[in-house]
Amino acid sequence: MKKAAILGSTGSIGTQTLDVIRGHPDRFDVVGLSAAGSSPEKLAAQVREFHPGIVAVPSPAAEKELRKHLKGFACRIDSGKGSLDRLAGSAEADVVVSAISGSSGLPPTLAAVKAGKTVLLANKESIVMGGELFMRLARESGARIIPIDSEHNAIFQCIDGKPSSQVLSLTITASGGPFLRTSLKSLSRVTPTKALKHPVWRMGRKISIDSATLMNKALELVETRWLFDVAADRLRVLVHPQSIVHAVVECVDTAAFALMALPDMKVPIAYALAWPDRLPMTLPRLDLARLESLTFFEPDPKRFPSIPLAYEVLRAGNGSQVVMNAANEVAVHAFLDRKIPFPAITRTVSGTLDKVTGSRIENVSDIFEVDRRARETAQGMCHAH
């Protein structure tokens with residue numbers, strides 16, 4: 001039985017992970033849960049159902065609020081600075097699901113990596129920000145990284161242990177988001193409400209906006225480069241509105257392997273949890289005979305300038321990926337708060353990359369120093385609107 005700790009258990013990926021575990025109680029034991037503290041009732045319900053040995057919350061105030069909802073229920077709660085890191089590295093867990101959204105997921109994910117855990121990675125910011133450092137620490141500790149994002153999970157399955165020398169190219173797909181066919185002129189009038197309505201996937205607020213700008217694919221390109229040790233000129237993004245083919249791995253002999261599945265995050269979550277096994281799942285099955293067509297095309301750089309930015313970042317190196325991630329987080333929140341228009345998200349990222357010079361990343365302190373400078377610059381640009 002695998003013992004799992006879930007970082008970000010009340011979010012979209014966290015709740016779907018618990019849905020999968022709920023259906024296979026003989027395979028998994030939830031030994032730890034953590035959440036940001038914004039949904040204490042939801043976290044309390046999870047604690048009562050799964051009986052984790054430890055629950056981590058970010059502050060004493062969040063612990064106090066959680067205890068209100070756990071009256072009469074004995075539970076060990078760790079709160080405050082380092083609580084998530086301690087849970088991620090605890091001896092009780094052998095599998096750590098990193099499902100925290102944003103850069104705050106980096107420290108606990110690295111704690112799990114340093115402890116040699118099997119890390120099921122949904123927090124793309126960890127690998128985007130950490131890059132070479134993240135993967136080096138994983139090699140040193142013996143940690144295994146299994147991505148949960150549908151595209152990277154698909155690559156993981158298709159590569160199936162092949163060395164990067166046998167891989168000619170990797171292609172990740174994008175649905176195109178809610179504004180694939182919206183006129184470029186009207187994008188400046190897009191509201192957060194419209195941007196959050198993704199046509200295919202149901203996700204959290206931040207990742208939904210990233211999907212609308214295709215910044216999620218920009219971040220995923222960086223993630224792909226480090227996860228699979230494949231250079232930027234061998235990486236590709238294709239818009240695929242049907243979201244059936246999640247990734248394509250082309251080998252040096254020109255054979256190409258593609259993973260096809262209906263768009264449901266429980267599919268990659270279940271694979272990552274059970275690896276190297278597969279779990280029987282009661283989900284709708286893919287019926288190829290009922291598919292009218294599968295279409296693929298290059299993303300328009302005018303509509304989605306985030307994709308060219310990703311290649312620039314990969315070529316530049318020296319912490320540029322940290323700048324891109326930080327500026328995007330700031331800009332997305334500014335858009336959701338209606339402080340900047342939709343097209344200004346990518347303009348803010350581009351402008352921050354022009355103004356903030358990255359530096360070689362040697363340790364976590366270097367990452368957060370570049371992150372701090374990028375956020376200050378991006379915030380200044382957003383306030384100028």
Side-chain angles (χ1 to χ4, degrees), residues 2-8 13 31-32 34 56 78 81-149 152-153 155-156 159 161 163-164 170 219-232 235 272-273 275-276 313-314 316-326 329 358-372 374:
K2 291 185 178 179
K3 297 180 179 180
I6 302 173
L7 310 179
I13 295 297
V31 297
S34 82
D78 188 6
K81 186 177 180 180
S83 59
L84 270 66
D85 297 20
R86 290 188 288 272
L87 172 59
S90 67
E92 287 82 359
D94 45 43
V95 172
V96 176
V97 180
S98 175
I100 298 172
S101 177
S103 58
S104 60
L106 175 61
T109 305
L110 278 180
V113 168
K114 291 176 182 177
K117 307 294 184 182
T118 294
V119 179
L120 310 189
L121 187 65
N123 175 258
K124 60 170 55 69
E125 290 83 0
S126 293
I127 190 71
V128 169
M129 295 174 71
E132 184 178 9
L133 173 65
F134 187 98
M135 296 309 294
R136 175 170 58 79
L137 291 173
R139 289 191 298 271
E140 291 174 356
S141 69
R144 182 180 297 278
I145 312 298
I146 303 179
I148 287 180
D149 276 349
H152 299 106
N153 188 273
I155 293 173
F156 183 86
I159 282 183
S164 61
L170 300 178
L219 296 171
E220 286 171 11
L221 279 171
V222 178
E223 190 179 1
T224 303
R225 184 266 174 272
W226 292 112
L227 279 174
F228 302 104
D229 191 26
V230 172
L235 305 179
L273 279 170
W275 186 90
V313 163
L314 285 169
N318 290 332
S320 295
Q321 72 278 3
V322 181
V323 177
M324 179 175 72
N325 178 74
E329 283 193 14
S359 57
R360 183 167 178 78
I361 301 298
E362 300 285 354
N363 50 52
V364 175
S365 296
D366 291 341
I367 292 174
F368 281 105
E369 173 55 26
V370 175
D371 179 87
R372 181 191 63 78

Mind running side chain to side chain contact (heavy atoms under 4.5 Å, CB included) on R225 and L235 for me, showing each step along the way? CA-CA 8 Å; R225 184 266 174 272; L235 305 179; 3.9 Å; yes
| message | Please evaluate residues F156 and L227 with respect to the criterion side chain to side chain contact (heavy atoms under 4.5 Å, CB included), reporting the C-alpha separation (whole Å), side-chain torsions for both, the decisive distance (0.1 Å), and the verdict. | response | CA-CA 9 Å; F156 183 86; L227 279 174; over 6 Å; no
Could you give the distance from [atom1] ([X]) to [atom2] ([Y]), rounded to the nearest 0.5 Å?
X    : Y    : atom1 : atom2 : result
L84  : S34  : CG    : OG    : 4.0 Å
F368 : N363 : CZ    : CG    : 11.0 Å
I159 : L170 : CD1   : CG    : 5.0 Å
L7   : S98  : CG    : OG    : 5.5 Å
T224 : L221 : OG1   : CG    : 6.0 Å

Minimum heavy-atom distance between [X] and [Y], given as atom pair plus value:
X    : Y    : answer
K3   : V31  : CB-CG1, 3.8 Å
Q321 : V222 : CB-CG1, 3.9 Å
E223 : H152 : OE1-CE1, 3.1 Å
S320 : V313 : C-CG1, 3.7 Å
W275 : K2   : O-NZ, 2.7 Å
V322 : D371 : CG1-N, 3.6 Å

Applying salt bridge (charged side-chain N to carboxylate O under 4.0 Å, His left out), which residue pairs with at least one partner in residues 83-103 are found, sequence neighbours left out?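 Matches after skipping sequence neighbours: D78-R86.
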Determine all donor-acceptor pairs shorter than 3.5 Å in which one atom belongs to a side chain in residues 112-124; sequence neighbours excluded.
from: K117; atom 1: NZ; to: S90; atom 2: O; distance (Å): 2.5
from: K117; atom 1: NZ; to: A93; atom 2: O; distance (Å): 2.5
from: N123; atom 1: OD1; to: S126; atom 2: N; distance (Å): 3.0
from: N123; atom 1: OD1; to: S126; atom 2: OG; distance (Å): 2.3
from: N123; atom 1: ND2; to: I100; atom 2: O; distance (Å): 2.5
from: N123; atom 1: ND2; to: G102; atom 2: O; distance (Å): 2.8
from: N123; atom 1: ND2; to: E125; atom 2: OE1; distance (Å): 3.1
from: K124; atom 1: NZ; to: D149; atom 2: OD2; distance (Å): 3.2

Begin with the C-alpha distance, continue with both residues' side-chain angles, and end with the deciding distance and a verdict on side chain to side chain contact (heavy atoms under 4.5 Å, CB included) for L219 and N325.
-> CA-CA 7 Å; L219 296 171; N325 178 74; 4.1 Å; yes
task: Count the heavy atoms belonging to other residues, nucleotides or ligands that lie under 6.0 Å from CD of E132, then report whether that count exceeds 12.
output: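 At most 12 heavy atoms, drawn from other residues, nucleotides or ligands, come within 6.0 Å of this atom.
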Practice prompt. Count the heavy atoms of every other residue, nucleotide or ligand shown that sit under 6.0 Å from CZ of R136, and state whether that count exceeds 12.
Written response: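 Correct, the count exceeds 12.
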Heavy-atom distance under 4.5 Å between the side chains of L133 and V364, does that happen here?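 Yes, side chains in contact.
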Evaluate side chain to side chain contact (heavy atoms under 4.5 Å, CB included) for F134 paired with M129, printing each intermediate quantity in order. CA-CA 8 Å; F134 187 98; M129 295 174 71; over 6 Å; no
_Donor-acceptor pair, side chain of E329 and main chain of S103, under 3.5 angstrom_ =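 Checking the backbone N and O of S103 against the side chain of E329, a donor-acceptor pair under 3.5 Å is found.
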